[in-house]
Amino acid sequence: INTAFNEGQKFMLQGQKTITAFEDRVIRYGMQTGQDKTLIAKFIGKSRQTVYNRVKAMIADGRLSELDINLGRSDEQ
């Protein structure tokens, strides 16, 4: 599966519906915070299998461990 990803770009998973950049971030954040894949699927309105496939692809290409949230600097006021 080619998981080349640019911000705002949609991509296809084998025979699955498209996943938006936002949905991709929701899946990543949900997995990083220990959420159930079924709950993530319901939240973004995709099938459980689509989420499972995306998580599998994220693990394979190392994207699952990427942090998408800008936490800022602790010394900012």
Side-chain angles (χ1 to χ4, degrees):
I1 299 174
N2 180 0
T3 56
F5 181 79
N6 292 318
E7 189 64 27
Q9 186 179 37
K10 293 183 178 182
F11 51 90
M12 295 292 292
L13 298 175
Q14 295 174 330
Q16 300 294 327
K17 296 178 181 178
T18 58
I19 294 180
T20 65
F22 171 76
E23 292 165 340
D24 195 56
R25 286 193 296 276
V26 168
I27 293 169
R28 184 179 301 117
Y29 181 73
M31 294 304 300
Q32 289 175 350
T33 58
Q35 301 301 314
D36 181 65
K37 292 180 189 86
T38 301
L39 180 64
I40 296 168
K42 287 180 182 178
F43 183 81
I44 63 173
K46 301 291 183 186
S47 72
R48 186 173 54 115
Q49 189 61 50
T50 297
V51 172
Y52 273 84
N53 289 345
R54 183 62 190 135
V55 168
K56 185 177 178 181
M58 288 173 145
I59 290 169
D61 67 12
R63 292 188 188 272
L64 188 61
S65 61
E66 291 178 1
L67 185 61
D68 262 343
I69 300 170
N70 180 1
L71 301 175
R73 292 178 28 196
S74 61
D75 62 346
E76 289 180 333
Q77 302 208 5

Which distance, rounded to the nearest 0.5 Å, do you find between the [atom1] of [X] and the [atom2] of [Y]?
X: M58; Y: M31; atom1: CE; atom2: CE; answer: 9.5 Å
X: E23; Y: I44; atom1: CD; atom2: CD1; answer: 5.0 Å
X: Q32; Y: I27; atom1: CD; atom2: CD1; answer: 12.0 Å
X: K56; Y: D61; atom1: NZ; atom2: CG; answer: 13.0 Å

Should the heavy atoms of other residues, nucleotides or ligands under 6.0 Å from CZ of F43 be counted, would the total exceed 12?
-> no
Do I59 and V26 belong to the same hydrophobic cluster, where Ile, Leu, Val, Met, Phe, Trp and Tyr are linked whenever their side-chain heavy atoms lie under 4.5 Å apart, directly or via other members?
-> yes
Which atom names give the shortest non-hydrogen contact between R28 and L64, and what distance separates them?
->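 For R28 versus L64, the nearest heavy atoms are CG-O, 3.5 Å.
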Within the distance-only criterion (no hydrogens, no angle test), does the side chain of T50 pair as donor or acceptor with the backbone N or O of K46 below 3.5 angstrom?
-> no
Any donor-acceptor pair under 3.5 Å linking the side chain of R48 with the backbone of K37?
->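 A pair under 3.5 Å: no.
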